[in-house]
Every structure is written in structure tokens, then in C-alpha cells.
There are 2 protein chains.
Amino acid sequence: MSDTPRRRIPEAALGRLPIYLRILVDLTNDDVTQVSSEQLAELAAVNAAKVRKDLSYLGTYGTRGVGYEVKFLTYQIQRELGLNQSWPVVIVGAGNLGQALANFTGIAERGFHVVGVVDKDESKIGQLVGGVRVRHADELQQIASSKAVSIGIIATPAQHAQEAADSLVRAGIGSIMNFAPTVISVPRGVNVRKVDLALELQILSYYEQTRNNGLRAVETGDSSDSVSA
Amino acid sequence: MSDTPRRRIPEAALGRLPIYLRILVDLTNDDVTQVSSEQLAELAAVNAAKVRKDLSYLGTYGTRGVGYEVKFLTYQIQRELGLNQSWPVVIVGAGNLGQALANFTGIAERGFHVVGVVDKDESKIGQLVGGVRVRHADELQQIASSKAVSIGIIATPAQHAQEAADSLVRAGIGSIMNFAPTVISVPRGVNVRKVDLALELQILSYYEQTRNNGLRAVETGDSSDSVSA
DNA sequence: ATTACCTAGTGCATACATTCACGAACTCCG
DNA sequence: CGGAGTTCGTGAATGTATGCACTAGGTAAT
Ligand SMILES: NC(=O)c1ccc[n+]([C@@H]2O[C@H](COP(=O)([O-])OP(=O)(O)OC[C@H]3O[C@@H](n4cnc5c(N)ncnc54)[C@H](O)[C@@H]3O)[C@@H](O)[C@H]2O)c1
Ligand SMILES: NC(=O)c1ccc[n+]([C@@H]2O[C@H](COP(=O)([O-])OP(=O)(O)OC[C@H]3O[C@@H](n4cnc5c(N)ncnc54)[C@H](O)[C@@H]3O)[C@@H](O)[C@H]2O)c1
């Protein structure tokens, strides 16, 4: 154990580490052993200085004049993200999305495995999805503690998302990924991230509309307010 | 149409407008007609000043001492986001996710409708998903132009995502929503947004790990999404 | 009308993020 | 060994976002 730099990583940089990680894994598969910030930047579609600064939060893992050793950097990012282990996750809601997620293999390849799926609907109980049997929502706490689960996924309709969040919190889960299009409130200290398809589409809608207004989605923000009509 | 303020909306604010919009729609359903920035902020789990500033980019639609009229504000946000119309979208890739999306009704309720689903795999062609028949990827251009589609969704495996993106661009699509966990490159002027489940989970993983290291996931840093209310 | 009381809108300070540009550190080659 | 060439790490400048705290503009009651 040489050292553990352990500065806190800024949110913005944190959001890019998984991207670099995926690229590095791909590079390893292509037998590439060294990579420069310039190359990484190209592959991640970002600025090279940003790559270097992002990586500098992890420690000093590059070699000047050379670049980064792919495997070593891969390991360091994984370690920093806590991906040395595979995290057990539970899914709340065994509907279309919940089942798709449970069946989805891509999740397992990136550091997670589904150890439980629960639903409130009796007709769903007992069904086998993604190798696990759907159990009743009341058993959530038991599942979470017996399998040491700390990450939960909400895949219920929006109107039940808060209820699902509450039960996850009660079960001792500290991090929640929310697919329901609603804001959930959780106690301080619980992390929530959301994935909201419609929200993203609506942002695209905005850009499409401004494009059609002749007010381009603007590269540099040329500020000259060309009023539409 | 009195006036159209038409300043360009900052990215950060833009990302919150769909949230306010959803809340406002819910309020209307609950027969609430007026709302203050304070209440909206509470419901959206953000700061009230932020709500006011975000809304100020649209124009001056509130009434001091009173608040905002729910229906009027709803209309203004919809108009700004281009949600007066329902946008036609095409889905590339009719696998698990593509089918789930095509079947998903939530998308229609929020301003979009699927007019085409294409796949490269012959065995998928002709299948009926979400009310439309899967057609061959080669027909993408024809579908896009005949239905005036400007938004495309990539739901192919990562290794085919660039190919899918290229075909969408060739078909004249200007905005792309990418579900494949890979960076796609597109010509200048084409908008891309991504939804990456594993990436979000990996961020949660980081926070779980730091939590266990005794170095708390820190309150204040809930900048973009991670609510710690 | 006047006063008391709200709440939107916003200027400003602060915080956070991005990018440039340059010195430091390493390799390679003659 | 020394100089040329490369690429990292980072200070400083710029750009963007947040949130406080105040002003402007509205309501309501007397
Ligand atoms: N289907 C998609 O393609 C898609 C895409 C993006 C987002 N979403 C969102 O994902 C969520 C789920 O979508 P879906 O299509 O799977 O819906 P669905 O109706 O098919 O499934 C929801 C499931 O959640 C269960 N449920 C409800 N309350 C529960 C509770 N408290 N505890 C446990 N289980 C509970 C229901 O019994 C049902 O089986 C929705 O919020 C939707 O907006 C879906
Ligand atoms: N399944 C999930 O729950 C889930 C969740 C999140 C993200 N994703 C991502 O979504 C993507 C799709 O996942 P999936 O589970 O649906 O995969 P899948 O293999 O079931 O489906 C992919 C489909 O895309 C088609 N395809 C491939 N190349 C194409 C092309 N050039 N043009 C048209 N069609 C093409 C294939 O024929 C196949 O039918 C993947 O990138 C995956 O990582 C999936």
C-alpha cells in the first residue's frame, strides 16, 4: 500500500470516470497497453486537459512523455469507484422495465448483480426473472439484510415510487436509482440518482424547436438575440 | 401571442424545466390553480431562488405577492420545450429495450409517439411492437422523411451504436437519444443525449464505497441529481 | 388611501467546472 | 551525456451555476 490520495472527486469528474473506464476496457480487449490523454479524450469526446484533470483526482498515475498504462489505470478507476467487488442490487417493481433490467446482462458486466426482485402484485410473485424469483415487497427488508444489499432500483409506476423509496430506506439501503419519472424524497445521507427518459427527450425537443426557429442550438452562444417573430 | 422573450436557456435550467412541468401537471390534476416558487421548490427538491431564476428565463410569468398560475405556467413551459406538438420518434434496435420503449405508454403522455422501429435482424422484421411493425434498418431514411421524424433513439448493442447513429444522421435526424453504453460521434449540429444505467450505478457505487470508508458522501455536493434531502 | 404583508425577479458574491498554457518529467537517439 | 521530442500535472483565467438577500410589485384589510 503505497498511498491513498483520497481527495473527494468532483461530481462532474465522477460522471466521466465510468466512461473512461469503459474505453480502457475496450482498449485492453484490443491489446492496447498505453494510452495518452489526447487519445482518451478523442475516444470520450472531451477535451484532453479535462481528461488529465479528471484522472489527477485519483492520483498521479500517468507517465510524462508516455501516457497512461491501460491496465493500471483501469484498475485504479475501478478501485476508486468501488468496482473491485460486484455489488448486490435489488429491484423494486417487476413490470416491463423491472424484468428487462433483471434480464439485462450488461449490468453484470459492469460491477453489479441482481440478488432480488420484489413486487406488490401477487400475480408477479414467484415468477423467475433474470435468474431470481420475484418475491413480495414485504420481504424487501429481509432480502436486503441477508444479502447485504446497499443499492436499490425503483422500477414502479411514478405514483408508487415514493412508497418504494420509503421501503428501500427502511430496508437500510443507502443508494437508490430511480427510473420512475417523479422526485422522491429520502433522508439525508441516502444517495439518489435518476434516469428519466421523457425528461431527456423533452430536452431534445427544446433543441429541435430552437433549431427550427432559426435560433440554432448554438455552439458558442453568439448572444445576438435573433428574436423569432 | 404577446411577446416571445427567447433568451437561450442555460443547460442546467433546461434540465429542470421538465421536472417543474411534471409537477405542474400533477398540481392541475389535484385542482391546484396557484403555486409559489417556495412550493414548487419543495416539490422539486431544489432551492426556491433556483426555481424563480429558472422560470425567469422563460419570461415574466409570475405575479408578485401571489405566485404562478399553474395552467398558464404549464402552457409556457410546454411551449418553450416545444411540447405543443407530439414529436414523432424512431427507434433503432427492436431488442429487449427497444420493444419495452415502443410499448411504453409513458412516452406518449409526455409529448412523443413512436412512428417507426427498425432492426437489422431479419427475424425481428414484421413483428408488431407498440402498435407499429418492425421494419428493416435500410428503410430508416424512407421512414424518417415520410413521417418528418427529427428524433431518433438508439437501442442497439454498444458495438452497433455508431452504425445506428450514422444511419440516423444519414436519415436527416437532428437529435439522438442513446441508450447504448458507448460514446457516439456525430456531425456538428446534431444533438445527442445519453442514458447509461451502468454509469449511474457506478456513481452510486462510488458513494457507497466512500460511505464505508468513513469519508461521507458529503451533503453539499448534490449538485446535479443526487438528492440528499 | 394607507399600511401590512406576500412573493416574484434579480444583482451580486461565491462556488464549481472547463480550458488554456506552461513547466516538469520522462523517452529516445545520436 | 545532452538535446529534441513527447505528454503529464496543474496554476490561472474564463465560463457557468447556485443561492443569498434585497427590491419591485402585487394583494388585502382597515
Ligand atoms: N417500460 C419502459 O420502457 C420504461 C422506460 C422508462 C421508464 N419507465 C418507468 O419505469 C417505471 C416502471 O415502468 P413499467 O413499464 O415497468 O411499469 P409496469 O406497470 O409494467 O410495472 C410496475 C410494477 O411495479 C409494481 N409495483 C407498484 N408499486 C409497488 C411497490 N410499492 N412495491 C413493489 N412493486 C410495486 C407493480 O405491481 C408492477 O408490477 C415507470 O415509472 C415508468 O415510467 C419505463
Ligand atoms: N435491456 C435492458 O434492460 C437495457 C437497459 C439499459 C441499457 N440497455 C442497452 O440498450 C441496448 C439494447 O439492449 P437490448 O437488451 O435491447 O439488446 P438486444 O440485443 O436485445 O437488442 C438489440 C437489437 O438491436 C439490433 N441491431 C443491432 N445493430 C443494429 C443496427 N445497426 N440497426 C438496427 N438494429 C440493429 C439487433 O438486431 C437487436 O435486435 C444495449 O446497448 C444495452 O446496453 C439495455
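Within every chain, numbering begins at 1; the chains are lettered A, B, ... in the order of the sequence lines, protein sequences first and strands thereafter. Since the model is a prediction, treat every value here as computed from it, not as a measurement. Values below: all heavy atoms of this structure, side chains included; hydrogens, waters and symmetry mates excluded.
- Here CG of A:L197 is found 6.0 Å from CD1 of B:I153. Values are rounded to the nearest 0.5 Å.
- Spacing between atom OH of A:Y61 and atom P of D:dT10 amounts to 12 Å, rounded to whole angstrom units.
- Put simply, the side chain of B:K53 and the base of D:dG19 share a donor and an acceptor less than 3.5 Å apart.
- Across all strands shown, A:G65 has heavy atoms under 4.0 Å from base atoms, whether or not it also approaches the sugar-phosphate.
- B:Q39 has its CD atom 11 Å from the C1' atom of C:dT7, to the nearest Å.
- Under 4.0 angstrom from either OP1 or OP2 of D:dG26 there lies no side-chain N or O belonging to B:Y68.
- Near DNA chain D, meaning a heavy atom under 4.0 Å away, the residues from residues 17-37 of chain A are A:S36, A:S37.
- The number of heavy atoms from other shown groups lying within 6.0 Å of CD (B:E38) does not exceed 12.
- For the side chain to side chain contact (heavy atoms under 4.5 Å, CB included) test, residues two or more places apart in sequence or in another chain that qualify with A:S150 are A:W87, B:E208.
- Regarding contacts with the backbone of C:dT10, every side-chain N or O of B:R64 stays at 4.0 angstrom or more from both OP1 and OP2.
- As judged by a 4.0 angstrom heavy-atom cut-off over every strand, B:A12 is placed among residues touching the sugar-phosphate backbone only.
- Projected onto DNA chain C by closest heavy-atom contact, A:V66 and A:V46 fall at different nucleotides, the more 5' of which corresponds to A:V46.
- In the interface, the side chain of A:R52 is paired with the base of D:dG9 through a donor and an acceptor atom under 3.5 Å apart.
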